[in-house]
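These notes concern the structure reproduced below.
A, B, ... follow the sequence lines: proteins, then strands. Residue 1 opens every chain.
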Amino acid sequence: MKRVLVKKAPQYIGERVRLCGWASKIRDHGSLIFVDLRDWSGKLQVVIDSSNVKNIAKIGLEYVLEIEGVVKKRDGALVNKNVDLGDIEVAVESVTVLNESKTPPFPLDGEGDDIDENVRLRYRYIDIRRKRVRDLIARRHDLMMATRQWFSDNEFTEVQTPILTVSSPEGARDYLIPSRIYPGKFYALPQAPQQYKQLLMVGGVDRYFQIAPCFRDEDPRADRHSGDFYQVDVECSFLTQDEFFDTVEPYFGYVTEKVAGKKLKFKKFLRIPYSEVIDKYGTDKPDLRYDMTLVDITTECKESGVNIFKEVGAVKGILVDRKFSKNEIESLTKEMKLEGAKGMLWFIIEDGKLGGSMAKLFDEKIQKSILKNFEKAGYDVHDGQYIFAFGDEYTRACKLTGILRSKMGDLLNLKDPNVLAFAWIIDFPMFEWDEKRNKWDFGHNPFSMPKGGLDALMNESPDKIFAQQYDVACNGYELASGSVRNYHPKSFIEAFKICGYTEKETREKFGHMISAFEYGAPPHGGFAIGFDRFMMILFDEKNIKEVYAFPKSNAQELMTGAPREVSKEDLDILHIELKKEKKK
RNA sequence: GGAGUGGUAGCUCAAUUUGGUUAGAGCAUCUCACUGUCACUGAGAAGGUUGCGGGUUCGAGCCCCGUCCAUUCCGCCA
């Protein structure tokens, strides 16, 4: 008899079927046993009636079962409206235990959030049976399919680039792979296919994409997987920055609706310059699902004559439409001090004036001016609201207020999980002054074309030069990052010169890039989308590990135990001798 | 590398103002009963080196010091 998935059982009402899966719940009534049989497609109750089934073997939790029986509609009170397939069941005729199972180390019926993550990961093969994990694996497949479909439909060609490649001098720490054939030499795993995709452009591949594995030996974050992760890597020739935006923007809406069934806040992405996004949101990856923009009250604070504001570069505040107790304000202040704030200025609006501990130090005219600033920024100002503000060096004041803005977004439930708010962040500074090393450094991406090209590099002061570089910000995350590339040998070398590299040094590091550019490189640019991060946003997961089938915990894979020691014989083949480390 | 938080039964947690007798509970497990449950129910049982090491004390899960591990953040992430 052909095996059917439980999801398909409704098509076989009145017929005999064979179902295979795991016993996810057992309700034993002695001579009548109910088993919720789970397979990849879902769960279905099967009923083992001892008067119909002979030789019932012991059935334990997570035992692997093969059952044959008749699919039946349930009547009246027997219907369970709370579960999928609760209106049918299978009257079992025979049941075979294909395999037994030890008692699982944790329950599989919840979301798993309350279980120690490391226990889940050590037994990931069991955890995958959890509905949430199964669903994410299936949705990840959907996102991959939809991504390939969209890019393919839009004339992009997927090209696979090498995994064993060379160490790149800039950027993250590399994973190195020793060469057996060439003693003392090492491959590196790619941090991104950046250089290869640019060389593909030189090779005439007009539009490239790849769902590419990337490897970086850096410490993890909640939205940054340690070790390996995936990018949708994209590059196009002969497009300006704006043309590139118009070309790829529809992809995001397509998969957001098709794969997650969610909505876009902006049909056309906002385009916000870096300086503006810092000023208004205090971060270069703002959550634009809600407004609550930062308001400048520097002048007012300075005019108040309060000592602590005399030396600050800026005071930035937000207005929050909610009541706060003294305790809440105190604990918020504590939290913000942990983020590096010196303190938190707060006011309550009462009778059109400001109240709060410091309010008496601000005279009426200044208070009015502060409220006016908030009104001008688009706030609907009224009594009972609170203002929170931070004074510090300008960027720092913005960033601190931005952190509070994000906390308030959570507190006031302003982050609608069914909406995605995309924006291009543009006009990043090309260079940043490195205080420690007392020299200019690349602000972000050394391969970006500066606005104004070679001319700007030769004649402008480095701090005045903007890069043709952009991010996609979405719901508080940096979802993608890219640039129009610096494809002229001369301007490429000149950009590195500003950061203190001689032409000789630059040619040593990027010889293959520069010589490729000397053979007719087309103008090109692109970006890379954080595939796993996109999964997080689409399915409202707070930790990136959830969206991998086999995630790493702090660069360790807890099931297999990778990374592990290897035998001396293996090391000998690779011409490697280990240094003796003191610790561990 | 730095800071915050945490580590008690297989899992999730508790352990009382300031340290006090045998470290408790729910779920899971095991045994028995049960023909309509779907968080089945009822009766019973088993389950612990309180991360590890040291110290203070008559007495430590609790206080102190060290250490390990995890996690979040900073650094880092072209």
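- At a threshold of 4.0 angstrom between heavy atoms, the contacts of Arg120(A) with the nucleic acid are absent.
- Pairing for U12(B) is with A25(B), a Watson-Crick or G-U wobble pair whose two hydrogen-bonding atom distances lie under 3.5 Å.
- With a cut-off of 3.5 Å on both pairing distances, the Watson-Crick or G-U wobble partner of C63(B) is G55(B).
- Picking from U35(B), U12(B), U71(B) the nucleotide with the shortest atom distance to the side chain of Asp116(A) gives U12(B).
- The aromatic ring of Phe106(A) does not sit over the base of C11(B), since the test of centres under 5.5 Å and planes under 30° is not met.
- C40(B) has its base stacked against the ring of His29(A), the centroids being under 5.5 angstrom apart at an interplanar angle below 30°.
- The listed nucleotides are G36(B), U72(B), C77(B); the one nearest the side chain of Val47(A) is G36(B).
- Taking only side-chain atoms of Arg221(A), from C-beta outward, the nucleotide of C73(B), G36(B), U35(B) with the closest atom is C73(B).
- The listed nucleotides are U71(B), C73(B), U12(B); the one nearest the side chain of Ile115(A) is U12(B).
- Residue Lys81(A) is out of contact with every strand shown, counting any heavy-atom pair closer than 4.0 Å.
- A salt bridge does not link Asp219(A) with Arg221(A): none of the charged nitrogens is closer than 4.0 Å to a carboxylate oxygen.
- Heavy atoms of Ser51(A) sit under 4.0 angstrom from at least one base atom.
- C77(B) is unpaired under the criterion used here, namely a Watson-Crick or G-U wobble arrangement in which both key atom distances are under 3.5 Å.
- The nucleotide U49(B) finds no pairing partner, because no Watson-Crick or G-U wobble arrangement with both distances shorter than 3.5 Å includes it.
- Contacts of Asp75(A) with the nucleic acid, taken as non-hydrogen atoms under 4.0 Å apart, are absent.
- With a cut-off of 3.5 Å on both Watson-Crick or G-U wobble distances, the partner of U71(B) is given as G4(B).
- Classification of Asp392(A) and Lys399(A) as a salt-bridged pair fails, no side-chain N sitting under 4.0 Å from a carboxylate O.
- For the C1' atoms, the distance from U5(B) to A9(B) is 24 Å, rounded to whole Å.
- Classification of Glu62(A) and Arg38(A) as a salt-bridged pair holds, one side-chain N sitting under 4.0 Å from a carboxylate O.
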Provide a list of protein-nucleic acid N or O atom pairs under 3.5 angstrom, restricted to nucleotides 26-32 of chain B.
{"unit_1": "C30(B)", "atom_1": "OP1", "unit_2": "Lys58(A)", "atom_2": "NZ", "d": "3.3"}

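- Picking from U71(B), U35(B), C73(B) the nucleotide with the shortest atom distance to the side chain of Ser31(A) gives U35(B).
- Note that CD1 of Ile115(A) and CZ of Phe106(A) are 6.0 Å apart. Values are rounded to the nearest 0.5 Å.
- Using a 4.0 Å heavy-atom cutoff across all strands shown, Asn554(A) reaches sugar-phosphate atoms only and no base atom.
- Within 4.0 Å of Asp219(A), counting heavy atoms only, lies at least one base atom of the nucleic acid.
- A salt bridge is defined here as a Lys NZ or Arg NE, NH1 or NH2 lying under 4.0 Å from an Asp or Glu carboxylate O, and Asp427(A) with Lys451(A) meets this definition.
- For Gln45(A), whose side chain is taken as the heavy atoms from C-beta onward, the closest listed nucleotide among C38(B), C76(B), U71(B) is C38(B).
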